[in-house]
Amino acid sequence: MIVAVLSGFGAALAAPFLHRRLPRWSGWVCALVPLMLFGFFAAQGGEVAAGHTIRAAYEWIPSLGVDFSFSLDGLSLLFALLITGIGVLVVAYASSYLHGHHHLGRFYGLILAFMAAMLGTVLAGDLITLFVFWELTGLCSYLLIGFDHGREAARKAALQALLVTCAGGLALLAGFILLGEGAGSLDLAALLTRGDAVRSHPLYVPILALVLLGAFTKSAQFPFHFWLPGAMEAPTPVSAYLHSATMVKLGIYLLARLSPVLGGTDAWFWSVTLAGGITMVAGGVMALIRSDLKQILAYSTVSALGTLTLLLGLHTPRAATAAMVFLLVHALYKSALFLAAGAVDHGAGTRDLARMGGLARAMPWVALGAGLAALSMAGVAPLAGFIAKELLYEAKLQAPLAAEFVTGAGFVANALTVAVAVMVGYLPFHGRERDTSLHHHRVESLLWLPPLLPALMGLVVGIVPGLTGRWLVAPAVAAVRGVPVPVDLALWHGVNPVFLLGVATVAAGVGIASVRGALLRRLPAGSGPGWGPERGYGLLIDGMLGLARWQTRLLQNGRLRYYLMTVVGAAVFLMGVAILRSGEIPRQLPRPDGGIHEWLAAGVILAGALTAATTTSRLAAVAGLGTVGYGVALVYILYGAPDLAMTQFCIETLSIVLFVLVLYRLPRFSLLSTPGGRVRDLLVAFSVGGFMTVLVLLAVSQTLVPHISTYFLEQSLPAGHGRNVVNVILVDFRALDTLGEITVLAVAALGVYGLMKGRGEGGG
Amino acid sequence: MTLDAFVQLVVLPLLGGGIVLAFVRLVRGPSLPDRVVALDLMATLIIAISAAYAVATGQPAYLDAAIVLALITFLGTVAFAYYLHRRGGGA
Amino acid sequence: MESVLAVVIGGLYAAGLYLMVRRSIVKMVFGLALLGNAANLLIFTVGRLTRGRPPYVPPGGTEPLLPVADPLPQALILTAIVIGFGVQAFALVLIKRVYQTVGTDDLDVMTTTDTDSRSSG
Amino acid sequence: MKLLLFLPLIIPLATAVAGLLAWHRRELQRLLSIGGTAALLAAGVALLSAVQRQGVVSAQAGNWPAPFGITLAADLFSAVMVVVAGAMGLAVAVYSLASADIEHEALGYHPLMQVLLLGVCGSLLTGDLFNLYVWFEVMLIASFVLLALGGRREHMEGAIKYVALNLIASAFFLAGIGILYGVAGTLNMADLARQLREVPHGGTVPVIAALLFAAFGIKAAVFPLFFWLPASYHTPPVAVTTIFSALLTKVGVYVLVRIFTLIFVQEAEAGRTLILAAAGLTMVTGVLGAVAQHEMRRLLSFHIVSQIGYLVMGLGLLTPLALAGTVFFMVHVIAAKSALFLVAGIVKRITGTTELGELGGLYEGRPLVAALFLVPALALAGIPPLSGFWAKLALVRAGLAEERYVVVAVALMVSILTLFSMTKIWAEAFWKDRPVREGEPHAHYHPHIPGGARLLLGVPAVLLALATVAMGVGAEPLFRLSLAAADQLLNPELYIAAVLGVKP
Amino acid sequence: MTPFLSNILLALAWVALTGTYTAGGFFTGAVVGFLVLWIARRGRGTTGYLSKIQAVAGFILFFVRELVLANLRVAHDILTPRHHMTPGIVAVPLDVESDLEITVLATIITLTPGTLSLHVADDRRTLYVHSMYIDDPEALVRGIKEGFERRVREVFR
Amino acid sequence: MQSLLLATAVRLLLPLLLLFSLFLLLRGHNEPGGGFVGGLVAAAAFVLHALAHGVAGARRVLRVEPRQLVAAGLLTALASGVLSLTLGLPFLTGLWSTLPVPVIGHAGTPLLFDAGVYLVVAGMALMIVFSLMEE
Amino acid sequence: MRDTIIAILLGGGTFFAVVAAIGVVRFPDLYMRLSATTKASTLGASLILGGVALFFDDAAVTGKIAAIIVFIVLTAPVAAHMLGRAAYFSGVPLWKESVRDDLGASGEWCKREEEGGGTEG
Ligand code: NA
Ligand code: NA
């Protein structure tokens, strides 16, 4: 199974090269990959239906407790078959639709990678493995949405999708980690047995919230739905379809997958049901008021996702069954419609509903496929959609809480779905031609066959539902519920309230579709994304960018003085905190001591420093520095450090030489800062100075511990063969220091040489 | 008065006072050469102090510091002169 | 004596810092020089002071007669002085080149590498 | 064994000296540079395997017993870092063969690089606080010179800020060492650790810890001490920026981790919230800075800051997993960020610019370069299964386990912003069509990069990008190593025993 | 002065400096001196100094006396409250010719009462001296020429 | 800055200063001094020469490039440390001759090391000053 | 007796050194200050050094001291000359009551101007 998942990535890597070698056959070869995978998973059907879970695991990062593991149960199988089956259609379709596109090879690669990532997600047997593939789907979708990368709109939409799903993804990651902590394992199988522990965990609500955030963003639930219609920027219905009907279902997969662990609580019910309900209705309304075929389908997909979410929120066996059936049915009709819309776009040159009509004459097979799919979507018998709608109403009527409300919302959404079905399955193909400027032409078989196949499948499932129910739906429902649930799908249950509701739905839907035109004219023009969550997203991004610019201008303002002040301020702050925490503030300062020489030396040093700091003459400042240096040397002399004094003299003098050599090129000092600034600087400077004084006093007030110097004094002559202990330290005890020190000198010399000899702008 | 006390109480303080005087000139300037003169004098005084301190402590090691200072201050003065010459005009 | 030197050290830090936050690059380097002296004096003081007894082994002896100044801080300071000198020499020539290429010694003008490449042109 | 600890110092120094002696012989210098870094890498690998076999190892320079002489010591963390330093040195040396200009080489570019590596290895291996200061200065002066070598206005301005702020750091560091010696009477880090544990030291030590945190915080570019980095890192040639970004700030972080797990253990414990706050703010301000940029190298430079936040976060959490995360993150971010800088260099070479506004069309025209950018960029953003993901996973897990929710949330949000800014480069430089400029007939690039140069420019970046993939897909060996390193860091007795020769 | 003599002198200086009054010390000093001379003598012609030991000794004595007297006079001026100086710059025509003679003369002038050698004219025929007491310029110039210049010429010729 | 007096004085001072710098180097192990101060004094000698006679003149007297001095110094210091490695002792372990040598006392690798310091310091100071003066 | 001689030497040296310092403060122009300090400090330092030599009565120390004295005597006048000359040519004025300026009257001044003027960066 691991091979099965990874083969998709392998094929993805190979695809561009394959396409370059065999441009004519690459499509077929690429379609072969999902086909073989479909076959592989279909072959596992028997075992899965028998209630077995097929596993394959590889220790990935044992030190993090992460396994690269996969498991195939009913739920996974349903999704795997959908992903690979649709994959075959999509690749075959693409080879015709994008025929001659100069990046077709890359496109195959991306599609296959995307498919493999989705497959990995639904097959993962480990939370982290799941997350890895989850993020990869987001990444692939980014590259696919932005496939037409020359257009800014495509790039923006791709980014939007990426940011929203990745943000959710990171919440999901946090949720997974907490979940793993709560359950004690990242392994899904183990996790599923520890639902009670998780639900009673103190962090249950945050865990739930984080996981739902991930699922909702991926599944385009309100208020994160806005990225999905944007994803229609993707170049073709191919990838658009993958986004709107396949990838987004991963969120549903996740909810279904974790519902045995997280589901069944009030928090679950209200958050999931509510989000689903709102999405369901809002998606329907949005679909209704669009006129771009792809947009309409995208919003209707949002609505369908809402329905699925709502069903999972109900957390009843019936709802689970309904969800799985609807998932399958929706996949069949929506893929047919999307691919048909692509064919229409290709054949008629437009996706604008207002400009289409009577296309059936030019593309009868497309019309047939679309028509069948639309009927299924509308829930008309004997198509699969009818069965699904019956189950939906049944589940909603049995909702544990707020059943009336749920059913009412369901009715509205379903009616809107019927209306949309009319819009996409009937209006473009029948009636009169609305825009005669368009040149309809026939489309080749690879553009009409892929839509027709799933539509026909819908018919087949509708007519003989039992097999599907037993082999596909029942194992999936068992996985969602955690226990086997009897599933017996049938087309006809007789005339009952549910059936009547369905009839009413269709009637209402057709009615809405017929008054849609009039309705739309009432709406103010351009009432698109001027409001709502998408606007929120825009504001968020703009706000972030504004904040970033503001912050960067504020912090990284280019003024070194400000940097220095901040750095020093931070150091003082840290030390202040440390002093306050330790509570050790020197209570009494030691009395000033020392003889007249010390006072003299101190006075000379301070006077020199004062001169250097305040004089307006550069040379006086240099002289002041020299005085400080000589004064310090005097201190070294007084306290037994003639080597230091010597070195200090040499350095001081050489520094003066350098200052002098450099300074005559430089301008004189001028008074640049404001008096206020100077006062502020003085305050900071003196506070730091005071701090250092206190620190020194603190340090010298402590009792002396034995110093390692004793060793140097003892060993200098016997072991170091030298009477000058300081020198012996420098060239022997701590020669490594000196080695580094002379390296510094060598490099400094190289640096000066480079600065002086290098070609600069103003240098001479 | 012992020699040590003489050095500690008379010689060293007086030489220190000399440094203070030199410093006054250093601050007052007004020209760069004036400051250099002051610095130069300071160096000479430190040589003297080092020598006297060698007597006070009985450590000839301080004389080496004095030698180095004697050798090196000349360089500083010449550098200042070099600067003056290249730049022209008092500071 | 430590207390007197503690004040001197604080004064050096204050003066050095004050110079470093002036607008002239030259003053900045002067400030650095003062900070170097301050740090050295700090090591010297905190390592405890011993008056007039340099750490030499007297002729005939095998180790210095205690008490004697701690040789280790002296060695550390020596190394620090020398490193500081190397760095300061480089910094000095750097500011000279900065002045030559930028045309001013005003630090507040030197903001092109921080600010956005687009706004700075 | 003893030799292995000294080799990472001797090799670069000897190479640098040889380079100085071969001053006018460019080809020989280049050869030396490659040979020296390769030898350093080999020495590092040998050291690492020795440490894996024997635990913490130490040696005494000059054969003077610890704590009197200068100790060199290597545990897993430092050995890993030495290996990384060698690898990065080699990568940059190879890249430089095709990118360094004659002018730079005539001014000592190759020996300077070696000295930089010397400083880095010295800082990583020394077990003596003052010796650490010396190696820091070696590293610093070499970086000063490399930064300023170009002589143009931006080099000068960048260098002056870099120099000034880093010298402040050195001043803090030196003061801290001085006071520490005054109160503890020793400089050997293991001995200091023991002293501070045994002898009551009053209130001075936390203050010293704070001072040193500030000092290394500047070197590591932690908030709010990072200003020098975005001001300067984008100015020198790409090879220089790459080695800076790979090693310098990272050594700062390394030292922070080292001293706060070895010497200032109590202070680290007490200051966790403060450290985490700094980490979070570093991440945020860095990434926001990156978001605001429109030039590739500036943007990447701000990202260095942001990534430092993650590294410091591990220190703030101070658990085995968190420190393992820091170690892993370190290796990851060095590889990923270096690859990105090298790609920026390649882009510059192809197009003559790294301004996002002027770039475009590279995905179309240079798909391999695009892939070469995308992989490390995604790794940096923490997209699984690349290396960055595991690094973040470890830190986030550790953070959640320690119930430090705020910093975890920040870390996660920052990774979205990282992704945002990476996609910004991607969209602008690679996806977008190239803006047609006046006077240019075609919207295509006309690079004249000969095949050999193309190989030299590309191979290091390719290998680094592959490293991010390998460290992601095959994270286990490195992660196990990181955990073992963290274990050593959290058991300083091992280090102390190895240095001072007493039983733990 | 021959290089050999210089070498001997340097070797003696070395012995004095190091305090190693032994054959070994002298030998080392000779080697070091040789090295130093080898370095120092490159790139230019040799110039001799100190050829007459006796003259040198006499000259030094004379010089020390002048030095002390000069200082006492200056000290008097410094310590008394009023300034009674008549300073200025005087041109002294030179008869000495070699670099060394001019240098020694200028040095001595600087170290003696109130005078300071400011500048040697480019044609080396004039020495400009700053003096604090120019009561009679002619006498000042004459004093310099007959006192110092004559002795310098004695020593070096 | 042609000054006859300075030029003449420097002619005398150069050998004296060099002599003294070697003295500081060799006696440094037992008395104040050492490679660093010695190197600086040596450099001062040549800087003085450069101030009096111009950099070209000083370079002629020095004959070798200051950069070569730096390289030679680093090499010397490094070699003095590597020597002990060949005997299986740690880097920078001091090796001492058993025979006393005049002036120095014992001869050993630490003195060689100090000589390296001397060369580096002298070379670097000259490199810096010469580059600045040649501008 | 020896101590007395030493004390006299030290005291005398101190006297001249301090006098030099006072002169540097009191004298009205640079040239006179230069004149004063060169002589007095040279003599002062030499006397003190002589006292020290006598105090240690050690050949090595005496050798060193001789070296210092030679050096001071050799360099101080040259330094004063360099400084005074540079000051003069860079325009440091003589005291207003100076009675004579032969150098200013000669052509040397103008020659310097031409030569030195061009070097300013
Ligand atoms: Na040293
Ligand atoms: Na850095």
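Convention: sequence-line order gives letters A, B, ...; per-chain numbering from 1. Since the model is a prediction, treat every value here as computed from it, not as a measurement.
Put simply, the side chain of Leu21(B) does not reach to within 4.5 Å of the side chain of Val24(G), judged on heavy atoms. Looking only at side-chain heavy atoms (C-beta outward), Leu63(B) and Ile65(G) come within less than 4.5 Å of each other. Considering only heavy atoms from C-beta on, Phe74(B) stays 4.5 Å or farther from Ile72(G) through its side chain.
For the atom pair CZ (Phe71(G)) and CD1 (Ile72(B)), the distance works out to 8.5 Å, reported to the nearest 0.5 Å. How far CG of Leu49(G) is from CD1 of Ile47(B): 7.5 Å, rounded to the nearest 0.5 Å. To the nearest 0.5 Å, atoms CZ (Arg25(B)) and OG1 (Thr37(G)) are separated by 11.5 Å. With rounding to the nearest 0.5 Å, the separation of CZ in Phe6(B) from CD1 in Ile6(G) is 11.0 Å. The distance from the CD1 atom of Ile68(G) to the CG atom of Leu69(B) is 9.5 Å, given to the nearest 0.5 Å.
With sequence neighbours excluded, the residues forming a ring-ring contact (aromatic ring centres under 6.0 Å, His included) with Tyr31(G) are His130(E), listed by chain and number. Under the ring-ring contact (aromatic ring centres under 6.0 Å, His included) criterion, Tyr62(B) pairs with Tyr53(B), sequence neighbours left out. With sequence neighbours excluded, no residue forms a salt bridge (charged side-chain N to carboxylate O under 4.0 Å, His left out) with Asp40(B).
Among the candidates Val25(G), Leu10(G), Val18(G), Thr4(G), the residue making the largest number of heavy-atom pairs closer than 4.5 Å to chain B is Val25(G). Top candidate by heavy-atom pairs under 4.5 Å with chain G, chosen from Ser50(B), Gly58(B), Ala38(B), is Gly58(B). Listed options Val20(B), Asp64(B), Val24(B) were ranked by heavy-atom pairs under 4.5 angstrom with chain G; first place goes to Asp64(B). Between chain G and the options Val11(B), Val37(B), Asp34(B), heavy-atom pairs under 4.5 Å are most frequent for Asp34(B). Interface check for chain B: of the options Ala7(G), Gly44(G), Ala53(G), the most heavy-atom pairs under 4.5 Å are formed by Ala7(G).
Neither the backbone nor the side chain of Val19(G) comes within contact range of chain B; no heavy atoms are under 4.5 Å apart. With a threshold of 4.5 angstrom between heavy atoms, Ala67(G) does not approach chain B through any atom at all. Only the side chain of Val7(B) comes within contact range of chain G, judged by heavy atoms closer than 4.5 Å. Contacts of Leu45(B) with chain G are made by side-chain atoms alone, with heavy-atom separations under 4.5 Å and no backbone atom involved.
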The test is side chain to side chain contact (heavy atoms under 4.5 Å, CB included); show your working for Thr77(B) and Met82(G) and say whether it passes. CA-CA 8 Å; Thr77(B) 311; Met82(G) 295 298 295; 5.8 Å; no
Decide side chain to side chain contact (heavy atoms under 4.5 Å, CB included) for Thr14(G) and Val10(B); before the verdict, give the C-alpha distance in whole Å, the side-chain angles of both, and the deciding distance to 0.1 Å. CA-CA 9 Å; Thr14(G) 307; Val10(B) 178; 5.8 Å; no
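Between Pro60(B) and Val61(G), the shortest heavy-atom distance links the atoms CB-CG2, 3.8 Å. Here the closest non-hydrogen pair linking Thr44(B) and Ala45(G) is CG2-CB, 3.9 Å. Among all heavy-atom pairs drawn from Pro33(B) and Ala87(G), the shortest one is CG-CB, 3.4 Å.
Residues of residues 12-19 of chain B lying within less than 4.5 angstrom of chain G, judged on heavy atoms, are Leu14(B), Leu15(B), Gly18(B) in numerical order.
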